[in-house]
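All chains are named by letter (A, B, ...) in the order of the sequence lines, taking the proteins before the strands, and each is independently numbered beginning at 1. Fair warning: this is a prediction, and the values are worked out from it, not measured in the lab.
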Protein chains: 2
Amino acid sequence: MSEKQPRTRIQQKNRELILEAALDVFSTEGFRGATLDQIAAQSGLSKPNVLYYFSSKEAIYTQLLSQLLDTWLDPLRALESDGDPIDEIVDYALRKLEMSREFPRESRLFANEIVQGAPRILDQIEGPLRDLVNAKAAVISDWSSAGRIAPVDPHHLIFSIWSTTQHYADFDVQVRGILNPEGESHFNDAQTFLKLLYTRLLSPGAP
Amino acid sequence: MSEKQPRTRIQQKNRELILEAALDVFSTEGFRGATLDQIAAQSGLSKPNVLYYFSSKEAIYTQLLSQLLDTWLDPLRALESDGDPIDEIVDYALRKLEMSREFPRESRLFANEIVQGAPRILDQIEGPLRDLVNAKAAVISDWSSAGRIAPVDPHHLIFSIWSTTQHYADFDVQVRGILNPEGESHFNDAQTFLKLLYTRLLSPGAP
DNA sequence: GTCTATAAGGTGATAGAC
DNA sequence: GTCTATCACCTTATAGAC
């Protein structure tokens with residue numbers, strides 16, 4: 001079902017070179033916009049050589065997507081039902097923001113895929129992702145019922161955390177174009193803002 | 001500087017047919033992913049005929065982009081300094097959400113463009129968009145200083161409104177894949193959530 | 001394992017008849 | 001204004017020498 005297993009050290013190394021280059025190219029050009037020429041040039045290998053390690057352009061892309069989705073959901077998996085509710089949710093948002101800072105290419109790869117209708121990853125969304133989200137939404141819902149956080153729609157809360165945090169990776173060009181920072185990072189301000197946003201939203205005693 | 005002016009009624013009609021079809025195709029495939037064949041088929045015209053009305057594929061795309069950016073910013077322009085601060089900001093968010101509901105293709109067109117580095121619209125972002133955002137951020141900042149809303153970073157507040165609202169258009173496939181609605185709309189829940197989110201964020205008396 | 005050469009099909013754009 | 005035919009280029013993928 002998966003790609004052939006790498007055997008030698010050089011095979012392993014070259015496969016990683018290709019995936020690293022492909023992440024660069026696919027994340028900024030999308031699947032259709034990327035070319036094997038670009039990936040080959042970026043990886044330092046020849047085009048036929050790239051196709052020696054992966055059977056097709058699509059094989060590289062789907063390999064990237066599937067191995068990334070797992071890591072991408074780690075922050076949500078880490079949301080625990082036995083912690084302090086507001087801390088758990090705020091920390092989740094901050095972990096997601098940290099992912100946008102550290103792995104913007106991965107975020108944009110997913111963004112490209114989803115904006116274009118998720119033709120190659122829809123199954124994963126309606127399966128594993130959906131289940132995980134529903135499980136965590138139930139946890140949040142319990143906190144809400146118990147009065148430990150202000151009443152809130154758990155699914156839309158999760159969507160808002162995704163969108164506000166991934167925005168700093170996916171729309172990075174726009175954010176920087178507006179804030180016009182000469183190299184300085186806006187992530188600290190974003191962090192402060194998001195902490196405030198979700199603390200105020202969830203603190204009990206709101207309407 | 002712009003395209004040739006349409007003269008006859010049939011020219012006007014065909015140009016609109018093409019732009020409408022192009023919006024469909026570009027918004028789901030991105031610039032590189034879209035083909036003239038698709039646009040021609042979708043518009044009901046032949047491929048050479050499409051190129052009779054627009055000099056190139058790129059001409060269609062840039063025409064779409066520039067005429068859309070203007071409408072896209074209308075909700076922000078409508079934010080007035082002499083209204084009730086919280087109402088103004090919440091209403092702005094709701095207007096943006098309404099745009100996502102009514103014009104998801106336009107939202108995705110921009111999303112595709114920005115995620116891929118905004119190669120054809122960066123000037124507009126660093127120019128008119130930046131100026132408008134800074135002007136409105138100043139208004140919000142004044143409200144904050146006057147104690148009429150809780151202290152908040154105005155730029156990141158605007159970013160969060162963009163991201164949370166456009167998410168329902170740009171990541172529509174994901175949202176529906178998770179909520180799994182059999183045709184029923186989730187926009188009402190989104191509306192309730194966003195109203196809550198920004199009301200709680202901005203109500204004076206928060207930490 | 002890596003290369004050059006090339007096949008095979010797609011794609012943007014133009015020519016020229018009507 | 002619209003069509004058919006077609007060019008020139010790009011892109012994925014394979015063949016086969018080394």
**Report entry** Residue from B/Asp170, B/Asp172, B/Asp24 passing salt bridge (Lys or Arg N to Asp or Glu O under 4.0 Å) with B/Arg105
**Finding:**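 Only match with B/Arg105 under salt bridge (Lys or Arg N to Asp or Glu O under 4.0 Å): B/Asp24.
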Roughly how many Å is it from [atom1] in [X] to [atom2] in [N], rounded to a whole number?
X	N	atom1	atom2	value
A/Tyr53	D/dA13	OH	P	18 Å
B/Arg15	D/dT2	CZ	P	13 Å
A/Tyr61	D/dT12	OH	C1'	17 Å
A/Ile39	D/dC10	CD1	P	18 Å
B/Leu17	D/dT2	CG	P	10 Å
A/Asp37	C/dC3	CG	P	14 Å
A/Ile60	D/dA13	CD1	C1'	12 Å

Filtered N/O pairs between nucleotides 13-15 of chain C and protein, under 3.5 Å:
from   : atom 1 : to      : atom 2 : distance (Å)
C/dA13 : OP2    : B/Lys57 : N      : 2.8

Query raised in the report: Touch check for A/Ala40, heavy atoms < 4.0 angstrom, all strands: base, sugar-phosphate only, or nothing?
Result: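 Since no nucleic acid heavy atom lies under 4.0 Å of A/Ala40, the category is nothing.
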Query raised in the report: Cation-pi between A/Arg101 and A/Tyr168: NZ/CZ under 6.0 Å from ring centre and within 45° of the ring axis?
Result: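 The answer is no, since A/Arg101 fails at least one limit relative to A/Tyr168.
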Query raised in the report: Is the charged tip of B/Lys57 near the ring of B/Phe26: under 6.0 Å from the six-membered ring centre and within 45° of its axis?
Result: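 Not satisfied by the 6.0 Å and 45° rule.
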Query raised in the report: Starting at the 5' end of DNA chain C, which residue's closest nucleotide do you reach first, A/Arg32 or A/Leu45?
Result: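 On the 5' side of the pair lies A/Leu45.
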Requested in this report: For the pair A/His155 and A/Asn134, evaluate side chain to side chain donor-acceptor pair (under 3.5 Å) and give the outcome as yes or no after the intermediate values.
Outcome: CA-CA 8 Å; A/His155 284 98; A/Asn134 281 340; 2.8 Å; yes
Query raised in the report: Are a donor atom and an acceptor atom from the side chains of A/Glu16 and A/Gln12 found within less than 3.5 Å of each other?
Result: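 The answer is yes; a qualifying pair exists.
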Query raised in the report: Does the side chain of A/Asn180 come under 3.5 Å of the side chain of B/Glu126 through a donor N or O and an acceptor N or O?
Result: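 On atom types as modelled, these side chains do not qualify, holding no pair under 3.5 Å.
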Report task. Just say parallel, tilted or perpendicular for the rings of A/His156 and A/Phe159, cut-offs at 30° and 60°. Result ->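 If you compare the ring of A/His156 with that of A/Phe159, the planes turn out perpendicular.
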[X] side chain near [N] phosphate (N/O to OP1/OP2, under 4.0 Å):
X	N	answer
B/Arg9	D/dG1	no
B/Asn49	D/dT4	no
B/Ser46	D/dC3	yes

Requested in this report: Please determine, for the side chain of A/Thr8, which listed nucleotide (C/dG1, C/dC3, C/dT11) has the closest atom?
Outcome: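 Shortest atom-to-atom distance from the side chain points to C/dG1.
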Requested in this report: Could you check which of C/dG1, C/dG10, D/dT11 has an atom nearest any side-chain atom of A/Tyr52?
Outcome: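 Closest nucleotide to the A/Tyr52 side chain: C/dG1.
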